[in-house]
K.L.:
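Here it is, the structure in full.
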Amino acid sequence: MGRDTIANLITSIRNADMNQKGIVRIASTNITENIVKILLREGFIENVRKYRKNNKSFLVLTLRPKKTNQKPYRRNILNLKQISRPGLRIYSNYQQIPRILGGIGIVIISTSRGIMTDREARLEGIGGEILCYIW
């Protein structure tokens, strides 16, 4: 049974967000580090720290706090959805990369030039494996 590090990352962030936890600890791999850098750059998370414990590397993510002064109280949940998985890989060329909520959300794509967002892939004119949607 293999490990799906992207699913672990998405599930950990989603669970922490639903339970209003401010901090998430995940295992550090090259893929998770690149996805977390994109989340940080796009403003979905607030801070990232990397530390080692017992010869294992971890990333500690600080999620953005929720705004509670809205009337009526409406909770904005960070939505993440995994698209490609180990049993079914989904690929797309740059012209057919989906737009999430008309461009408000982002699609994270693994390309031959690294992991990037849908906007960057369209600008570079390259497609790849669609990893996840975030909105």
K.L.:
With sequence neighbours excluded, tell me which residues meet side-chain contact (heavy atoms from CB on, under 4.5 Å) with Leu88.
P.N.:
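Only Arg85, Ile90 meet the side-chain contact (heavy atoms from CB on, under 4.5 Å) criterion with Leu88.
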
K.L.:
Checking Arg122 side chain against Ile97 main chain: does a donor-acceptor pair fall under 3.5 Å?
P.N.:
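Yes; at least one donor-acceptor contact below 3.5 Å.
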
K.L.:
State, yes or no, whether a side-chain contact exists between Leu131 and Ile109 at a heavy-atom distance under 4.5 Å.
P.N.:
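SC-SC contact between Leu131 and Ile109 ruled out.
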
K.L.:
Is it the case that the side chain of Asp17 and the backbone of Leu78 share a donor-acceptor pair, with hydrogens and angles ignored and the cut-off at 3.5 Å?
P.N.:
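It does hold such a pair.
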
K.L.:
Quick one: do Phe44 and Ile106 satisfy side-chain contact (heavy atoms from CB on, under 4.5 Å)? Show the steps, please.
P.N.:
CA-CA 10 Å; Phe44 289 104; Ile106 63 170; 3.9 Å; yes

K.L.:
Would you say the side-chain atoms of Asn19 pair up with the backbone N or O of Asn15, donor to acceptor, closer than 3.5 Å?
P.N.:
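Answer holds: yes.
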
K.L.:
For Thr11, what residues pass the side-chain hydrogen bond (donor to acceptor under 3.5 Å, both in side chains) criterion, not counting sequence neighbours?
P.N.:
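Once residues adjacent in sequence are excluded, Thr11 has no partner under the side-chain hydrogen bond (donor to acceptor under 3.5 Å, both in side chains) criterion.
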
K.L.:
Below 4.5 Å, heavy atoms only, C-beta onward: do Leu80 and Tyr133 meet side chain to side chain?
P.N.:
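The answer is no, as the side chains (C-beta and beyond) never meet within the 4.5 Å cut-off.
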
K.L.:
Go through it in stages, so that I can follow the logic: the residues are Trp135 and Ile100, the test is side-chain contact (heavy atoms from CB on, under 4.5 Å), and I'd like the CA-CA distance, side-chain angles, deciding distance and then a yes or no.
P.N.:
CA-CA 7 Å; Trp135 70 96; Ile100 305 302; 3.9 Å; yes

K.L.:
Please determine which of Asn8, Leu9, Val60, Ile13 meets the side chain to side chain contact (heavy atoms under 4.5 Å, CB included) test together with Ile26.
P.N.:
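Per the side chain to side chain contact (heavy atoms under 4.5 Å, CB included) rule, the option paired with Ile26 is Leu9, out of Asn8, Leu9, Val60, Ile13.
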
K.L.:
For residues 23-46, pull every pair meeting side chain to side chain donor-acceptor pair (under 3.5 Å), keeping only residues two or more places apart or in separate chains.
P.N.:
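Qualifying pairs: Arg25-Tyr51, Ser28-Glu33, Thr29-Thr32, Glu33-Lys50, Arg41-Glu120, Glu42-Arg119.
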
K.L.:
How many angstroms lie between atom SG of Cys132 and atom CD1 of Ile83, to the nearest 0.5 angstrom?
P.N.:
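Interatomic distance, Cys132 SG to Ile83 CD1, rounded to 0.5 Å: 8.0 Å.
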
K.L.:
Checking Arg113 now: which residues fulfil salt bridge (Lys or Arg N to Asp or Glu O under 4.0 Å) with it, not counting sequence neighbours?
P.N.:
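Applying salt bridge (Lys or Arg N to Asp or Glu O under 4.0 Å) to Arg113 gives Glu124.
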
K.L.:
side-chain hydrogen bond (donor to acceptor under 3.5 Å, both in side chains) with Glu129: which residues, sequence neighbours excluded?
P.N.:
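Once residues adjacent in sequence are excluded, the partners of Glu129 under the side-chain hydrogen bond (donor to acceptor under 3.5 Å, both in side chains) criterion are Ser84, Arg89.
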
K.L.:
Is it possible for you to say whether Ile38 and Ile126 belong to one hydrophobic cluster, with membership spreading through side-chain heavy-atom contacts below 4.5 Å?
P.N.:
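In one cluster: no.
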
K.L.:
Sorted by first residue and then second, give each salt bridge (Lys or Arg N to Asp or Glu O under 4.0 Å) pair with at least one member in residues 98-109; sequence neighbours left out.
P.N.:
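Listed once each, the pairs would be none.
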
